[in-house]
Amino acid sequence: QVQLVESGGGVVQPGTSLTLSCAASGFAFSSFGIHWVRQAPGKGLEWVAVIWYGGNNKHFAESVKGRFTISGDNSKNTLYLQMNSLRAEDTAVYYCGRELGAGTYEIGYWGQGTLVTVSS
Amino acid sequence: QSALTQPPSASGSPGQSVTISCTGTSSDVGAYNYVSWYQHHPGKVPKLMLYEVTKRPSGVPDRFSGSKSGTTASLTVSGLQADDEADYYCSSYAGNIVVFGGGTKVTVL
């Protein structure tokens, strides 16, 4: 059974850093594309980043490029979204999600989300 | 990385159909048949309704259908039901990245 569980959200001050975790079970994250998507309060879904097959093929939205990074721990089957230089506009619920099948690009499985609030 | 364009709202009475458009560019919707649609009830997790333009994941009723012409994709919900009232988002693969639409709030009158 595919499951994704995000953690690490919280309240942080502008300019600081935060790392979100996405623990995967029921599959090996290195075999699929894993995305991060966020939803700011009252706004729509915004794609943030993707890591393809747990490797070095990682891509980011322009809004976070240079500030956010992705890494993975194969032994824990867990992905991390390192968020630096956080801004108020990064306040959102962050979801990690897996494509339905390898190389299909949609997000077929979603975690429950974790809330990040950037505020002084 | 411009967002795909969706109408902010759409509505229909129970039993009727509603169609939502999703307009992109030749770099995303027009370039790939990897358009997806998501249903999002507030406070819940988004749910994949269609992928690769027309395919339905297991468990999604055939009342949901998709199409694409050029740089515009569409989602049609037939036989509207009360539970179809939600926000709907399209997304498209755009060469290593993904782009979402701004979302359409569907109201069942």
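All figures in this text were calculated on a predicted structure; none of them were measured in a lab. Order of the sequence lines fixes the chain letters, A, B, ..., with proteins taken first and strands second; residue numbering starts at 1 for each chain.
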Peer 1: Do you reckon Met83(A) sits in the same ILVMFWY cluster as Val11(A), going by side-chain contacts under 4.5 Å, direct or chained?
Peer 2: no
Peer 1: Let me know if Tyr32(B) has heavy atoms under 4.5 Å from chain A in its side chain, its backbone, both or neither.
Peer 2: neither
Peer 1: Does atom CG of Asn74(A) have more than 12 heavy-atom neighbours, drawn from other residues, nucleotides or ligands, at distances under 6.0 Å?
Peer 2: yes
Peer 1: Is there a continuous path of hydrophobic side-chain contacts, each under 4.5 Å between heavy atoms, that joins Val5(A) to Ile51(A)?
Peer 2: no
Peer 1: CH2/Trp110(A) to NE2/His40(B) distance, rounded to the nearest 0.5 angstrom?
Peer 2: 8.0 Å
Peer 1: Tell me, for Asp87(B) versus chain A, whether the close heavy atoms (under 4.5 Å) come from the side chain, the backbone, both or neither.
Peer 2: neither
Peer 1: Heavy-atom distances under 4.5 Å only: say whether Lys43(A) touches chain B with side chain, backbone, both or neither.
Peer 2: backbone
Peer 1: Which heavy atom of Gln39(A) sits nearest a heavy atom of Tyr89(B), and at what distance?
Peer 2: NE2-OH, 3.4 Å
Peer 1: Could you tell me which portion of Val93(A) (side chain, backbone, both or neither) has an atom closer than 4.5 angstrom to a non-hydrogen atom of chain B?
Peer 2: neither
Peer 1: For Arg87(A), enumerate each residue passing the salt bridge (Lys or Arg N to Asp or Glu O under 4.0 Å) test, keeping only those at least two apart in sequence or located in another chain.
Peer 2: none
Peer 1: Kindly work out whether a path of hydrophobic side-chain contacts (I/L/V/M/F/W/Y, heavy atoms less than 4.5 Å apart) joins Tyr80(A) to Phe29(A).
Peer 2: no
Peer 1: Can you find a heavy atom in the side chain of Tyr95(A) that is under 4.5 Å from one in the side chain of Pro46(B)?
Peer 2: yes
Peer 1: Using every non-hydrogen atom in the two residues, find where Tyr34(B) and Thr104(A) come nearest and quote the distance to one decimal.
Peer 2: CD2-O, 3.7 Å
Peer 1: Please list, in residue-number order, every residue in residues 47-55 of chain B that has a heavy atom less than 4.5 Å from any heavy atom of chain A; write 'none' if there are none.
Peer 2: Leu48(B), Tyr51(B), Glu52(B)
Peer 1: Which answer fits Tyr105(A), side chain, backbone, both or neither, if we ask what part of it has an atom under 4.5 Å from a heavy atom of chain B?
Peer 2: both
Peer 1: Testing the basics here: between Asn96(B) and Asn57(A), what is the closest heavy-atom pair and its distance to 0.1 Å?
Peer 2: OD1-ND2, 4.1 Å
Peer 1: Considering only heavy atoms, which portion of Ile107(A) lies under 4.5 Å from any heavy atom of chain B: side chain, backbone, both, or neither?
Peer 2: both
Peer 1: What are the two closest non-hydrogen atoms of Gln112(A) and Val45(B), and how far apart are they?
Peer 2: CA-CG2, 3.8 Å
